[in-house]
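Here the structure is laid out as structure tokens; the discussion comes afterwards.
No experiment lies behind these values; they were computed from the predicted model shown. Counting starts at 1 for both ligands and their atoms, in listed order.
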Amino acid sequence: MSTTIPTIDLSLPRLTLVELIRTVCLTHGFFHIISHQFPPLLKQEAFEYSKRLFALSAAEKIRFKMSENHYPGYEAFQSYSLDSTNTTADLNEGFGMTAVCYDDETRWPVETAENQLIGFKVCCQQYHAAMEELSKTLAGYIAEGLGLEEGYFEEYFVKPMTQVRLIHYFQGEEADIVDDGKPRIGAGLHSDWGLFTILSQDNVGGLEVYDLNSESLIPVHPLPDALVVNSGDLLARLTNGVYNSSQHRVLAPPPGVHRYSIPFFCQGNPDYLVNVLPLSKDWNEWVQGKSKCKEAGSGVRKWEPITVSAYLLMKFQRSKQGGKKTAAA
Ligand SMILES: O=C(O)CCC(=O)C(=O)O
Ligand SMILES: [Fe+2]
């Protein structure tokens with residue numbers, strides 16, 4: 001039984017990588033990647049800006065609060081719960097942005113020497129662009145693992161709706177912390193909506209993923225220089241549920257400790273039709289007996305085709321009904 005997620009070295013031979021990635025997609029779809037192309041200094045810089053951004057006073061942060069649930073903008077502490085069954089809101093605050101929001105002058109913090117945010121927006125834009133490049137590389141491995149051409153997802157990446165979110169987890173003001181013996185939740189149990197997510201996390205820990213083999217939550221221990229990748233709902237839909245859309249959550253750090261993370265959500269072209277892929281006979285044979293999904297190879301369709309934008313809108317509306325207000329997961 002695995003006690004944590006696998007680490008996949010992207011410098012391994014391509015065929016090995018493709019095989020490793022597709023195998024992990026059948027169980028929980030979570031893996032670390034190392035030897036990736038993402039610049040380490042850019043990651044470090046983004047975390048430094050994120051700390052300075054969240055260190056601003058509440059009154060300053062509210063000035064660039066997101067409007068009408070549209071990124072870019074600040075999402076206040078405890079403004080939603082990713083698990084609609086939770087009675088308390090998630091213990092985090094965030095700042096979200098989409099691939100198309102950099103021309104928008106509003107809802108970005110004013111960058112001054114005093115708040116040490118000069119260069120913040122440029123850093124976010126570079127981070128976003130570098131993640132988008134990496135996500136195309138990963139999509140190529142995933143496509144090949146499905147028996148398709150490396151460039152199969154090219155259309156998905158035309159004007160994609162990718163998102164980056166800076167997140168700051170903490171328990172809140174000391175006076176507000178109640179110890180009822182229950183785990184404090186930084187982000188409630190959920191799956192992400194896109195093809196997959198690429199996450200940078202600091203060294204605090206708290207991320208957990210539901211593993212289908214052991215039927216339990218397993219920790220995603222921080223690994224320096226690694227990025228965490230997890231499969232999302234659209235990948236599950238494209239494979240008729242054979243690839244798992246990972247359920248995961250974040251435990252809040254202990255009182256007085258602060259955790260920072262930066263997920264990149266690989267949400268594609270709004271008009272891209274999400275339908276069961278033309279999967280080869282070889283692939284269908286390969287999954288037989290390996291997948292936990294009863295529809296695997298049976299030809300029984302689990303979901304009707306839907307465009308990326310319609311799917312995201314549906315999830316967003318449902319999440320609002322359930323009390324979850326973010327477009328992120
Ligand atoms: O912060 C993390 O480690 C994960 C965040 C997450 O799952 C999300 O925002 O969808
Ligand atoms: Fe998530």
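Less than 4.0 angstrom separates some heavy atom of S261 from each of these atoms of ligand 1: 1 (O), 2 (C). The ligand atoms of ligand 1 that sit less than 4.0 angstrom from a heavy atom of I167 are 9 (O). Atoms of ligand 1 found under 4.0 Å from any heavy atom of Y169 (numbered from 1 in listed order, with element): 1 (O), 2 (C), 4 (C), 5 (C). Close approach of ligand 1 to V250 is summarised as follows: ligand atoms under 4.0 Å from at least one heavy atom of the residue are 1 (O), 2 (C), 3 (O), 4 (C). Within ligand 1, the atoms closer than 4.0 Å to a non-hydrogen atom of F265 are 8 (C), 9 (O), 10 (O), numbered from 1 in the order shown.
Within D192, the N, O or S atom lying nearest to the Fe ion (ligand 2) carries the name OD1.
Using the six-membered ring where Trp is involved, H168 and Y260 have ring planes that are parallel, under 30° apart on the 30 and 60° scheme. Below 30°, between 30° and 60°, or above 60°: for W108 and Y102 the angle between ring planes is between 30° and 60°, a tilted geometry.
Inclusion of H248 in the set of residues having an N or O under 3.5 Å from an N or O of ligand 1 is warranted.
With respect to the salt-bridge test (charged N to carboxylate O, under 4.0 angstrom), the residues K51 and E48 do not qualify.
Between the side chains of R301 and N275, at least one donor-acceptor pair of N or O atoms lies under 3.5 Å. The closest side-chain donor-acceptor pair between D9 and S35 falls under 3.5 angstrom. Between the side chains of D192 and H248, at least one donor N or O lies within less than 3.5 Å of an accepting N or O. Neither side chain, Q163 nor Y71, offers a donor N or O lying under 3.5 Å from an acceptor on the other.
Of the listed residues (Q201, H190, R259), the one carrying the non-hydrogen atom nearest atom 3 (O) of ligand 1 is R259.
Annotation for E75 and G96: closest pair OE1-N, 4.4 Å, computed over non-hydrogen atoms.
With a heavy-atom cut-off of 4.0 Å, L199 touches ligand 1 through its side chain alone. Only the side chain of D192 comes within 4.0 Å of ligand 1, counting heavy atoms alone; its backbone N, CA, C and O stay farther away.
Put simply, the angle at the Fe ion (ligand 2) from NE2 in H248 to NE2 in H190 is close to 90°, to the nearest 10°.
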